[in-house]
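In what follows, every heavy atom counts, from backbone to side chain, and hydrogens, waters and symmetry copies are set aside. Just so we're clear, the structure is a prediction, and the values are computed from it rather than from any experiment.
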Amino acid sequence: MSAAAEVLSTLSHNPRGSDLPTCPVCADSMVAAEASAYLADNIISYLWTCDTCGYGFVTKHSFNRLVCN
């Protein structure tokens, strides 16, 4: 299935909490991305497909690298 939409967001905290997307067509909540890809030094792309209506879309997230002291 090809992605129908693309969303770019910048995350400043852990993305595994309340930032999980809901389907823009049927408003069902989504728990896990169908696929992910590392695009660049700080950009990850996720493919989401709604289990209820089948709508698919891609989100891109940028993050700050963590540096250990």
Side-chain angles (χ1 to χ4, degrees):
M1 170 184 236
S2 62
E6 186 174 295
V7 178
L8 179 63
S9 70
T10 302
L11 298 176
S12 59
H13 59 285
N14 187 352
R16 295 187 183 198
S18 61
D19 290 338
L20 294 174
T22 57
C23 177
V25 174
C26 70
D28 192 16
S29 59
M30 298 183 193
V31 177
E34 189 171 326
S36 62
Y38 182 76
L39 301 178
D41 276 340
N42 63 344
I43 300 173
I44 299 177
S45 174
Y46 296 99
L47 171 63
W48 300 90
T49 304
C50 180
D51 291 334
T52 304
C53 71
Y55 182 76
F57 60 97
V58 173
T59 58
K60 289 183 180 178
H61 301 280
S62 63
F63 58 92
N64 296 327
R65 284 187 183 247
L66 297 176
V67 178
C68 296
N69 293 336

- Is there side-chain contact between M30 and Y46, with heavy atoms separated by less than 4.5 Å? no

- For D51, look at atom CG and say whether over 12 heavy atoms of other residues, nucleotides or ligands are found less than 6.0 Å away. no

- Item | Smallest separation among heavy atoms of G54 and T49, with atom names | O-CG2, 3.9 Å

- Item | Separation of F63 CZ from I44 CD1 (nearest 0.5 Å) | 4.5 Å

- Message: Working to the nearest 0.5 angstrom, can you tell me the gap between L47 CG and S36 OG?
- Response: 9.5 Å

- Query: If you measure from CG on N42 to NE2 on H61, what distance do you get to the nearest 0.5 Å?
  - Reply: 13.0 Å

- Task: May I ask you to test the W48-V58 pair for a side-chain heavy-atom distance under 4.5 Å?
- Result: no

- What distance do F57 atom CZ and C23 atom SG have between them, rounded to the nearest 0.5 Å? 6.5 Å

- Query: What's the shortest heavy-atom distance between T22 and A27, and which atoms?
  - Reply: CB-O, 4.1 Å

- Note on the structure: Rounded to the nearest 0.5 angstrom, the CD1-OG distance for I43 and S62 is 6.5 Å

- Query: Can you name the closest pair of heavy atoms from S45 and L39 and give their distance?
  - Reply: CB-CD1, 3.5 Å

